[in-house]
Amino acid sequence: MSRWKELPAELHPDIHQLIVRLRKLKDRCGLSTRQLATKTGYSARSWQRYLNGRALPPREAVETMARIGGDDLPRLLVLHEIAAERWAEGRAVSNGAPQSGPATPAHTPTEQQPDGRYLRPLVTAGAVALVLSVSVALVLAVRLADARAELADVRAGTVAATPAIVTESSVPVIYTCRLEQGDGRWYAGLSRTTDAILAYTYMGPEVAEAQCLLRRAGISPGEIDGVFGPKTQRAVERIQTRDGLVVDGVIGPHTWKALREAAPK
């Protein structure tokens with residue numbers, strides 16, 4: 001069992017609950033942060049920040065962690081959604097105007113408020129829109145921080161090679177499929193892996209290999225560009241459904257086996 005540091009006292013209880021749940025999952029798996037980085041695509045340094053309450057983990061990291069640890073994915077995603085709202089609210093308070101100020105004068109009993117029933121839904125809708133916009137900005141900031149941290153780790157030689165994540169600066173690449181069969185399996189000449197974990201937003205030759213094999217199996221993933229985007233994810237879910245696998249849109253050992261041994265449809 002890991003000896004965890006105390007979480008920051010200022011963390012909202014909902015955020016605290018999510019992080020404690022992730023810590024228990026890591027302990028259950030018995031993985032180090034480097035091993036966790038290899039399996040999830042998020043750097044060891046990023047996981048240290050997530051598990052110590054210094055940064056909110058992205059939804060994709062929580063999804064992958066749930067699958068690795070065998071946790072209840074819908075429940076964990078609900079915890080993450082609530083924690084993201086609390087995190088965004090905390091950022092909005094810390095970055096906004098001072099909270100102290102003259103109180104809104106109370107209405108006297110004689111004042112009429114004929115539109116009060118319409119005002120409350122409008123205020124509520126505005127508050128929800130504000131929270132959602134702050135949440136989106138927070139997610140983008142977290143992903144940018146992750147990318148910078150991963151780049152620093154690679155330069156320092158502290159993290160093993162993991163699948164890259166799509167960024168705005170990623171340069172599109174078109175790969176060529178060179179299909180051949182050996183030892184009863186199909187290969188496209190881009191990667192011979194049978195167990196690499198690939199998920200949404202990953203990129204690289206391993207993704208292109210999977211795209212080639214999906215196309216050979218009669219399921220179009222879109223362009224063979226090495227980017228695990230929406231079309232590729234839908235294609236993965238289709239072959240998982242067709243072969244009776246767990247339909248999660250993530251390529252792991254079982255999906256690789258189905259891709260490499262599939263007969264064309």
Side-chain angles (χ1 to χ4, degrees), residues 35-43 46-47 57-68 73 76-77 80 136 139-140 142-151 153-154 159-179 185-243 245-262:
Q35 291 170 328
L36 198 58
T38 301
K39 287 182 173 291
T40 64
Y42 291 85
S43 70
S46 295
W47 276 111
R59 177 188 174 94
E60 292 85 352
V62 174
E63 288 180 355
T64 308
M65 187 67 168
R67 295 189 182 102
I68 293 173
L73 179 58
L76 195 59
L77 290 181
H80 179 267
V136 171
V139 170
L140 292 176
V142 168
R143 295 305 296 271
L144 179 59
D146 288 340
R148 290 174 176 171
E150 289 170 11
L151 179 59
D153 288 338
V154 170
V159 177
T162 58
I165 303 297
V166 178
T167 65
E168 293 182 356
S169 61
S170 300
V171 178
V173 177
I174 301 300
Y175 293 84
T176 301
C177 302
R178 297 181 176 86
L179 293 169
R185 298 176 180 176
W186 285 93
Y187 299 92
L190 299 169
S191 173
R192 299 185 71 84
T193 183
T194 58
D195 57 3
I197 304 297
L198 303 178
Y200 187 71
T201 74
Y202 282 20
M203 62 183 295
E206 293 84 2
V207 177
E209 175 81 5
Q211 290 172 329
C212 290
L213 296 177
L214 283 165
R215 179 174 291 179
R216 192 200 68 82
I219 302 174
S220 174
E223 294 289 339
I224 309 299
D225 56 4
V227 176
F228 203 123
K231 291 183 179 179
T232 300
Q233 186 177 50
R234 288 194 293 269
V236 171
E237 291 172 349
R238 285 182 58 191
I239 197 169
Q240 288 173 334
T241 301
R242 191 180 80 181
D243 288 12
L245 303 176
V246 175
V247 182
D248 56 6
V250 175
I251 299 178
H254 295 297
T255 305
W256 277 117
K257 185 175 186 296
L259 288 172
R260 296 207 182 278
E261 298 178 3

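Only a predicted model underlies this, so the values are computations on that prediction, with no experimental measurement involved.
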Heavy-atom check, side chain of [X] versus side chain of [Y], under 4.5 Å:
X	Y	answer
V250	T64	no
P58	Y42	yes
R242	I219	yes
Y175	P205	yes

### Query
Should the heavy atoms of other residues, nucleotides or ligands under 6.0 Å from CD of Q35 be counted, would the total exceed 12?
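Above 12, so yes.
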
### W256 to E206 - nearest heavy-atom pair and separation
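In this case the closest contact between W256 and E206 is CH2-O, 3.5 Å.
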
### Message
I need the minimum non-hydrogen distance between A258 and I239, along with the two atoms involved.
### Response
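Looks like O-CD1, 4.5 Å.
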
### Task
Please step through side-chain contact (heavy atoms from CB on, under 4.5 Å) for the pair L36 and M65, ending with a clear verdict.
CA-CA 8 Å; L36 198 58; M65 187 67 168; 3.5 Å; yes

[atom1]-[atom2] distance between [X] and [Y], expressed to the nearest 0.5 angstrom:
X	Y	atom1	atom2	value
T176	I224	OG1	CD1	9.5 Å
T193	I251	OG1	CD1	10.0 Å
E60	T40	CD	OG1	11.5 Å

### Query
Who passes side-chain contact (heavy atoms from CB on, under 4.5 Å) against P253, sequence neighbours left out?
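In terms of side-chain contact (heavy atoms from CB on, under 4.5 Å), with neighbours along the sequence ignored, P253 is linked to D195, I197.
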
### Message
Between Y202 and G41 (side chain of the first, backbone of the second, donor and acceptor by atom type, cut-off under 3.5 Å), is there such a pair?
### Response
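A pair under 3.5 Å: yes.
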
### Query
Is there a donor-acceptor pair closer than 3.5 Å between any side-chain N or O of W186 and the backbone N or O of L213?
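Side chain of W186 to backbone of L213: no pair is present.
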
#### Entry: Pairs flagged by salt bridge (Lys or Arg N to Asp or Glu O under 4.0 Å) wherever residues 247-262 is involved - sequence neighbours left out
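Only R67-D248, E209-R260, K257-E261 qualify under salt bridge (Lys or Arg N to Asp or Glu O under 4.0 Å).
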
Donor-acceptor pairs are to be reported for all side-chain atoms of residues 226-238 against protein atoms at under 3.5 Å, with residues two or more places apart or in another chain.
from: T232; atom 1: OG1; to: Q211; atom 2: NE2; distance (Å): 3.0
from: T232; atom 1: OG1; to: P221; atom 2: O; distance (Å): 3.4

#### Entry: Partners meeting side chain to side chain donor-acceptor pair (under 3.5 Å) with R59 (sequence neighbours left out)
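R59 satisfies side chain to side chain donor-acceptor pair (under 3.5 Å) with E63 only.
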
